[in-house]
Number of protein chains: 2
Amino acid sequence: MLKPFELYMGEALEVLRRLPDESVDAVITDPPYSSGGQSLADRTRSTNKKYVLSNVATRRPDFSGDNRDQRSFAYWSTLWLSECLRVARPSAPLVCFSDWRQLPTTTDAIQAGGWIWRGVAVWDKPAPRPSMGRFASSCEFMVWGSKGAMPQREAIGCLPGTYRVNVRQADKHHVTGKPTELMRHVSRICPVGGVVLDPFAGSGSTGVGALIEGRRFIGIELSDEYAAIARTRLEGLELQERVTE
Amino acid sequence: MLKPFELYMGEALEVLRRLPDESVDAVITDPPYSSGGQSLADRTRSTNKKYVLSNVATRRPDFSGDNRDQRSFAYWSTLWLSECLRVARPSAPLVCFSDWRQLPTTTDAIQAGGWIWRGVAVWDKPAPRPSMGRFASSCEFMVWGSKGAMPQREAIGCLPGTYRVNVRQADKHHVTGKPTELMRHVSRICPVGGVVLDPFAGSGSTGVGALIEGRRFIGIELSDEYAAIARTRLEGLELQERVTE
DNA sequence: CCTTGCGATGAATCCATAT
DNA sequence: GATATGGATTCATCGCAAG
């Protein structure tokens with residue numbers, strides 16, 4: 001039987017360079033956005049200071065790599081995206097999360113990295129932070145595309161363009177963690193049995209979603225703290241599977 | 001009493017140049033996207049051929065200005081956006097519709113035109129065209145911002161970041177017409193009693209939404225066919241109002 | 001089991017103060 | 001003046017406890 005997942009600890013670009021050509025069937029990832037605030041001072045605050053209210057009870061580890069300026073974010077994104085392109089099989093899909101602020105830079109970087117940009121799907125979070133007299137920023141965006149041509153796959157069926165999924169505390173293991181339900185849906189863009197790659201695995205939600213949906217998973221995570229959380233979650237799934245067999 | 005609406009017939013840039021400085025309270029518009037298709041050949045098809053399924057019964061007038069390439073779309077957008085900036089009062093909000101393909105160009109043009117970009121709201125129209133093995137493109141995007149700082153206005157309250165509104169054929173008077181319900185919601189970004197400007201008025205849905213919500217309206221439309229439709233709809237509203245008084 | 005109510009939360013943003 | 005930090009604000013939605 002094929003091993004359902006592999007988890008590498010290390011810097012994304014470095015580890016990606018060691019992966020073989022054309023060895024994964026989809027790339028699904030949620031890189032650090034380097035967003036938040038208007039000034040350098042705002043952007044370089046710790047991720048908990050930037051994204052979490054001071055009076056909130058739960059504390060999750062900070063994460064790094066979230067303080068690039070716009071130019072270096074674009075440059076760095078292009079680097080890892082083009083490395084992912086090499087690792088991906090022809091016609092493999094790519095899904096990359098972004099917030100509104102980095103959306104244009106992300107679409108640029110995807111194309112600069114050699115991917116064909118095919119659209120923007122939306123994750124609609126039902127409970128946004130309100131703001132008087134303004135539109136709330138209640139969405140995150142999933143910029144997606146493919147490695148070259150993308151023949152229509154009947155087996156996968158039609159995927160929606162909007163996902164309305166709320167965040168549950170019990171299901172959130174990272175400051176910016178995505179709901180398992182969302183990642184299950186998104187992993188359907190990868191053919192059944194195929195390998196999903198996530199170079200910014202965080203607490204491993206992409207992998208959890210992929211495994212539940214019968215895909216395999218390769219994750220890379222820099223922080224040992226989050227890598228450990230991801231490993232625990234993924235091994236927990238494996239165990240569950242063996243029990244139910 | 002102040003006249004609730006004015007409708008100018010002519011080319012947007014030309015008419016905008018004749019409007020006085022700082023005379024409107026919000027700009028809400030849906031410019032021709034010049035999108036659709038990857039090649040010049042696709043882009044230069046008539047708007048009915050591009051945007052309407054071939055087996056659909058209803059036929060609406062074609063509209064022009066929808067065949068610019070990316071560079072000139074960016075340039076032209078910057079021109080009319082900076083002209084709108086001049087016409088807008090300080091701190092006035094701007095809402096500009098875009099599809100996913102023109103989203104990065106639109107955010108660039110808004111900033112190049114001197115506006116502060118503040119976010120991307122989403123119009124989610126259920127019932128997209130299905131596409132096997134891909135995410136549907138069921139959304140249009142509302143890039144929004146303001147003329148300089150934007151003090152919080154209590155009266156307006158908090159607006160959502162996503163609008164889930166269906167397109168009804170009976171409510172659609174333009175090939176790319178927006179639902180009245182949607183435009184009513186969006187016009188709430190303008191202070192009550194303020195003037196909403198739409199330099200690409202089309203069949204006048206922005207004006208209809210604004211008037212219903214107690215805002216005034218200035219519209220510009222190039223096509224005499226659509227200008228006539230817009231005038232009829234807006235005058236119909238005025239009449240209704242007078243009757244209910 | 002269904003309803004009600006209360007408390008907690010959010011990849012935020014603005015503004016005043018301190019360095 | 002530019003940069004850095006802290007604190008107040010906003011409300012739809014959800015989780016959980018109580019009725």
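Numbered from 1 within each chain, the chains take letters A, B, ... in sequence-line order. The shown structure was predicted, so the numbers you read here are calculated from the model rather than taken from an experiment.
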Short side-chain N/O contact to dC16(D) OP1/OP2 from Gln169(A), under 4.0 Å: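 For dC16(D), neither OP1 nor OP2 has a side-chain N or O of Gln169(A) closer than 4.0 Å.
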Phosphate OP1/OP2 of dA12(C) contacted by Arg129(A) side-chain N/O (<4.0 Å):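 So the side chain of Arg129(A) is within the cut-off, an N or O lying under 4.0 Å from OP1 or OP2 of dA12(C).
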Same-atom distance (P) from dG7(D) to dA11(C), integer angstrom: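 Result for the P pair: 22 Å, nearest Å.
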Nearest-nucleotide 5' precedence on DNA chain D, Pro130(A) against Ser39(A):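 Its nearest nucleotide lies further toward 5', so the answer is Ser39(A).
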If I compare all heavy atoms of [X] with all of [Y], which pair ends up nearest, and what's the gap?
| X | Y | result |
| --- | --- | --- |
| Ser187(B) | Arg215(B) | O-NE, 3.4 Å |
| Ser138(A) | Pro128(A) | CB-CB, 3.3 Å |
| Ile189(A) | Met150(A) | CD1-CE, 4.5 Å |

Arg60(A), CZ: over 12 other non-hydrogen atoms inside 6.0 angstrom: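 Count over threshold, so yes.
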Footprint string (nucleotides 14-19 of chain C, 5' to 3'): B base within contact, S backbone only, - free, heavy atoms under 4.0 Å: S-----
Just how far, in rounded Å, is [atom2] of [N] from [atom1] of [X]?
| X | N | atom1 | atom2 | value |
| --- | --- | --- | --- | --- |
| Phe97(A) | dA11(C) | CZ | C1' | 12 Å |
| Leu40(A) | dG1(D) | CG | C1' | 16 Å |
| Asp171(A) | dG15(D) | CG | P | 10 Å |
| Lys50(A) | dA4(D) | NZ | P | 13 Å |
| Asp62(A) | dA11(C) | CG | P | 15 Å |
| Asp124(A) | dA11(C) | CG | P | 12 Å |
| Leu182(A) | dA11(C) | CG | P | 12 Å |
| Leu53(A) | dT9(D) | CG | P | 13 Å |

Working for side-chain contact (heavy atoms from CB on, under 4.5 Å), residues Leu81(A) and Leu94(A): CA-CA 9 Å; Leu81(A) 280 161; Leu94(A) 162 79; 3.9 Å; yes
Face-to-face stacking of Tyr33(A) with dA11(C), centres under 5.5 angstrom, angle under 30°: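 Yes.
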For [X], which contact category applies under a 4.0 Å heavy-atom criterion: base, sugar-phosphate, or nothing?
| X | answer |
| --- | --- |
| Arg43(A) | nothing |
| Ala57(A) | sugar-phosphate |
| Asp99(A) | nothing |
| Lys172(A) | sugar-phosphate |

Any-strand Watson-Crick or G-U partner of dG6(D), both distances under 3.5 Å: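 Here dG6(D) is engaged in a pair, and the nucleotide opposite it is dC15(C).
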Nucleotide opposite dT4(C) in a Watson-Crick or G-U pair, distances under 3.5 Å: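 Base-paired to dA17(D).
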Side chain of [X] only, please: which of [options] is the nearest?
| X | options | answer |
| --- | --- | --- |
| Val52(A) | dC14(D), dG10(C), dA4(D) | dG10(C) |
| Ser137(A) | dA12(C), dA4(D), dA12(D) | dA12(C) |
| Cys158(B) | dC11(D), dA11(C), dG6(D) | dC11(D) |
| Val56(A) | dA4(D), dT9(C), dA12(C) | dT9(C) |

Parallel, tilted or perpendicular: rings of His174(A) and Phe63(A) (30°, 60°):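 Because their plane-to-plane angle lies in the 30° to 60° range, the rings of Phe63(A) and His174(A) count as tilted.
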For a quick check under 3.5 Å, do [X] and [Y] share a side-chain donor-acceptor pair by atom type?
| X | Y | result |
| --- | --- | --- |
| Thr105(B) | Asp108(B) | no |
| Asn67(A) | Thr44(A) | no |
| Arg118(B) | Ser146(B) | yes |

Whichever of Trp100(A) and Pro128(A) has its nearest DNA chain C nucleotide further upstream toward 5':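 The answer here is Pro128(A).
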